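Have a look at this one.
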Amino acid sequence: MGDRVAVELTAFGEDLQVGHRPASAPQPGAVTVDVTHAGVCGTDMHLQQGRMEIPLPMILGHEAVGRISALGNEVTTDALGAPLQPGDAVSWASNIPCHECFHCTSDEPSLCETRKVYGINQSSGVWPHLSGGWAEQIYLQPGSTIVKIPEDVGPEQVIALGCAGPTAVHAMGIGGPRPGDVVIVQGSGPVGLACAMLATLAGAVKVIIVGGPAGRLDAARAAGIGDVYVDIFTESDSVDRAAKIRAETPDGRGADLVIEATGVPAAVAEGIDLTRRGGTYLVVGQYTDHGTTPINPHHITKKQLRVLGSWAFSPRNHLDYVLSVPELARRFDLEKLVTTYPLTDAGRALADMRGGTVLKPVLLPGQVSSS
């Protein structure tokens, strides 16, 4: 089968390494896919920094799309029953739940503690090696949820929201807005913008995006995402910022729904403050542990708030996201969120994301680095 170029994390806090890993023919139930677009997620930055316990070496990349290279025996259709054949453009859920634990059998597979996750807990040092999206090819193990990309959208439109799209789909199912709601989204990264888009499609009358740096807010505005934009770097005083945001809500009472998508613990207290009495505060962004933060629980009681959390997503959420992409693409300019890089420039893509100069870096295995 030959070797494939792959970008690996071999030591926490160190530069990524470009190397090769052997490809394998798919066993029964498995599929091999030639990766065409691989997303760079904020979680990848945390993984490189050692903020999550993962096995090394690791081919990063838990969000990608590509074209089928080969189908193992027993694989004839995608998760929705459409026929599959080599060359089909596909997307796949990043995780494979066990389907046996308490959470899986309670219809919450996103909470499965033993699920396999491409690019996060599947080491490239053991077979099938090509277990992350930052490579020329990925080996999708039996049990993977694979879906053909709708014909009326392109791969860049699907990967623009990578794992943020299904993460937002899951969150909206837990505590999404009702038609007519005013929604505040804390955070202007991919998860925040995905939540903002889905809130609009759900019937929110106003979506206020609170985030930064300015380039991210400009990208949201250019893509048609959100209605009001508050730059946390320009509005740096938290008291004045909260007053300005509340002034954008009916009678200044706060939003019906506030969605936290920052990953910054200190944002939680501000989000509670911005939620109206009887409203809902939905915490989505605290995916990695950045420590504790002080909050006043009296405000939760006094306001009679619903405070909800949403963790990751299930394969079903991924399917629902892919099915929503045509509508998202009609309403928003998804490709404006994407900046592309050759696969071997993954380190530069990570650095640019960390520096806030790009919103959604996407690696292209078919491109050769110019450096």
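For the single chain, residues carry numbers from 1 onward in sequence order. If you're wondering where the values come from, they're calculated on a predicted model, not measured in any experiment.
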Task: Heavy-atom donor-acceptor pair, Glu260 side chain to Val268 backbone, under 3.5 Å - done: no

- [ ] Please confirm whether the backbone N or O of Lys148 pairs with a side-chain atom of Asp78, one donor and one acceptor, at under 3.5 Å?
- [x] yes

Task: Non-hydrogen side-chain atoms of Phe12 and Leu56 separated by less than 4.5 Å - done: yes

Task: Gln48 (side chain) donor-acceptor with Glu14 (main chain) under 3.5 angstrom - done: yes

Task: Hydrophobic cluster membership, Leu334 vs Val185, 4.5 Å side-chain cutoff - done: yes

TODO: Decide yes or no for Ile208 and Asp227: does some side-chain heavy atom of the first lie under 4.5 Å from some side-chain heavy atom of the second?
DONE: no

TODO: Check whether Leu323 and Val153 end up in the same hydrophobic cluster, where Ile, Leu, Val, Met, Phe, Trp and Tyr are linked by side-chain heavy atoms less than 4.5 Å apart.
DONE: yes

Open item on the list: Rounded to the nearest 0.5 Å, what separates atom OG1 in Thr280 from atom CD1 in Ile174?
Closed with: 12.0 Å

Task: Shortest non-hydrogen contact between Arg115 and Asn121, atoms and distance - done: O-ND2, 2.9 Å

Open item on the list: Do Arg348 and Tyr341 form a cation-pi contact, if we require the NZ or CZ to be under 6.0 Å from the six-membered ring centre and within 45 degrees of the ring's axis?
Closed with: no

TODO: Tell me whether Trp311 is reachable from Val169 by hopping between hydrophobic residues (I, L, V, M, F, W, Y) whose side-chain heavy atoms are closer than 4.5 Å.
DONE: no

- [ ] Flag yes if more than 12 heavy atoms outside Arg178 fall under 6.0 Å of its CZ atom; otherwise flag no.
- [x] no

Task: Polar side-chain atom of Thr249 near backbone of Gly254 as donor-acceptor pair, under 3.5 Å - done: yes

Task: Side-chain (Thr357) to main-chain (Asp352) donor-acceptor, under 3.5 angstrom - done: yes

Open item on the list: To the nearest 0.5 Å, what is the distance between CG on Asp333 and CD on Gln157?
Closed with: 8.0 Å

Open item on the list: Has Asp88 got a side-chain atom pairing as donor or acceptor with Gln85's backbone, closer than 3.5 angstrom?
Closed with: yes

- [ ] Let me see the working for Ser131 and Tyr139 under side chain to side chain contact (heavy atoms under 4.5 Å, CB included), right down to the final yes or no.
- [x] CA-CA 6 Å; Ser131 50; Tyr139 187 102; over 6 Å; no

Open item on the list: Under a plain distance cut-off of 3.5 Å, with no hydrogens placed, do His129 and Ser124 share a side-chain donor-acceptor pair?
Closed with: no

- [ ] Apply side-chain hydrogen bond (donor to acceptor under 3.5 Å, both in side chains) to Thr288 and list each qualifying residue two or more places apart in sequence or on a separate chain.
- [x] His290

Task: Polar side-chain atom of Ser106 near backbone of His103 as donor-acceptor pair, under 3.5 Å - done: no

Task: Shortest non-hydrogen separation from Phe233 to Ser236 and the atoms involved - done: O-CB, 3.9 Å

TODO: Quickly, which of Leu140, Leu84, Val147 forms a side-chain contact (heavy atoms from CB on, under 4.5 Å) with Val90? Name it, please.
DONE: Leu84

Open item on the list: Whether the side chain of Asp181 engages the backbone of Val207 through a donor-acceptor N/O pair (distance < 3.5 Å, no angle test) should be reported.
Closed with: no

Open item on the list: Are Val362 and Val40 packed together at the side-chain level, in the sense that at least one heavy-atom pair is separated by less than 4.5 angstrom?
Closed with: no

- [ ] Check whether Leu364 and Leu350 end up in the same hydrophobic cluster, where Ile, Leu, Val, Met, Phe, Trp and Tyr are linked by side-chain heavy atoms less than 4.5 Å apart.
- [x] no

Task: Within-4.5 Å side-chain heavy-atom neighbours: Met52 and Thr43 - done: yes

Task: Backbone of Ala70 reached by a side-chain donor or acceptor of Thr32 within 3.5 Å - done: yes

Task: Residue pair Met197 / Leu161, side-chain heavy-atom distance below 4.5 Å - done: yes

Task: Presence of salt bridge, Asp3 and Arg21, under 4.0 angstrom - done: no

- [ ] Looking only at non-hydrogen atoms, find the nearest pair between Tyr321 and Val158 and report the distance.
- [x] OH-O, 2.7 Å

Task: pair Val230-Ile184: side-chain heavy atoms closer than 4.5 Å - done: no

- [ ] Work out which heavy atom in Leu217 is nearest to a heavy atom in Ser188; give both atom names and the distance.
- [x] CD2-CB, 3.8 Å

TODO: Could you pull out the closest heavy-atom pair between Ser144 and Ile96, with the gap in Å?
DONE: OG-CD1, 3.5 Å

Open item on the list: Please tell me whether Ser91 and His318 have a donor and an acceptor in their side chains that are separated by less than 3.5 angstrom.
Closed with: yes

TODO: Examine Ile259 and Val283 and state if one hydrophobic cluster contains both, with Ile, Leu, Val, Met, Phe, Trp and Tyr joined whenever side-chain heavy atoms are less than 4.5 Å apart.
DONE: no

Open item on the list: What verdict does the side chain to side chain contact (heavy atoms under 4.5 Å, CB included) test give for Leu305 and His299, after you've listed the backbone C-alpha separation in whole Å, the side-chain angles of each residue and the deciding distance to 0.1 Å?
Closed with: CA-CA 8 Å; Leu305 297 185; His299 296 308; 5.9 Å; no

TODO: Starting from the C-alpha separation in whole Å, work towards a yes-or-no answer on side chain to side chain contact (heavy atoms under 4.5 Å, CB included) for Gln137 and Asp34.
DONE: CA-CA 4 Å; Gln137 189 174 95; Asp34 294 326; 2.8 Å; yes

TODO: Could you tell me whether the side chains of Thr145 and Trp92 share a donor-acceptor contact shorter than 3.5 Å?
DONE: no

TODO: Output, in order, the C-alpha distance, side-chain angles, deciding distance and verdict of side chain to side chain contact (heavy atoms under 4.5 Å, CB included) for Thr262 and Ile232.
DONE: CA-CA 12 Å; Thr262 68; Ile232 61 172; over 6 Å; no

- [ ] For atom NZ of Lys303, decide whether the heavy atoms of other residues, nucleotides or ligands shown that lie under 6.0 angstrom number more than 12.
- [x] yes

Open item on the list: If you define the side chain from C-beta out and look only at heavy atoms, does anything of Arg4 sit under 4.5 Å from His20?
Closed with: no

Open item on the list: With a 4.5 Å cut-off on side-chain heavy atoms, are Glu8 and Leu16 touching?
Closed with: no

TODO: Could you tell me whether Arg316 and Asp320 make a salt bridge, using a distance below 4.0 angstrom between a side-chain N and a carboxylate O?
DONE: yes

- [ ] Could you note down all residue pairs passing salt bridge (charged side-chain N to carboxylate O under 4.0 Å, His left out) where residues 203-217 supplies at least one of them, sequence neighbours left out?
- [x] Lys206-Glu248

Open item on the list: Within this structure, what is the CG-CZ distance for the pair Asp251 and Arg246, rounded to the nearest 0.5 Å?
Closed with: 13.5 Å

Task: Spacing of Ile225 atom CD1 and Lys336 atom NZ [to the nearest 0.5 Å] - done: 11.0 Å

- [ ] Look up atom CE in Met58 and atom OG1 in Thr10, then write down how far apart they are to the nearest 0.5 Å.
- [x] 12.0 Å

Task: Lys/Arg N to Asp/Glu carboxylate O, Lys360 vs Glu335, below 4.0 Å - done: no

- [ ] May I ask you to decide if Ile120's main-chain N or O and Gln122's side chain share a donor-acceptor pair within less than 3.5 Å?
- [x] no

Task: Pairwise distance SG(Cys41) to OH(Tyr287) - rounded to 0.5 angstrom - done: 8.5 Å

Task: Any donor-acceptor N or O pair under 3.5 Å, side chains Lys116, Gln141 - done: yes

Open item on the list: Is it the case that over 12 heavy atoms from other parts of the model lie below 6.0 angstrom from the CG atom of Asp237?
Closed with: yes

Task: Atom of Glu156, atom of Thr340 and distance for their closest heavy-atom approach - done: OE2-CG2, 3.5 Å

Open item on the list: Checking Gln186 against Tyr281: is there a side-chain donor and acceptor pair closer than 3.5 Å?
Closed with: yes

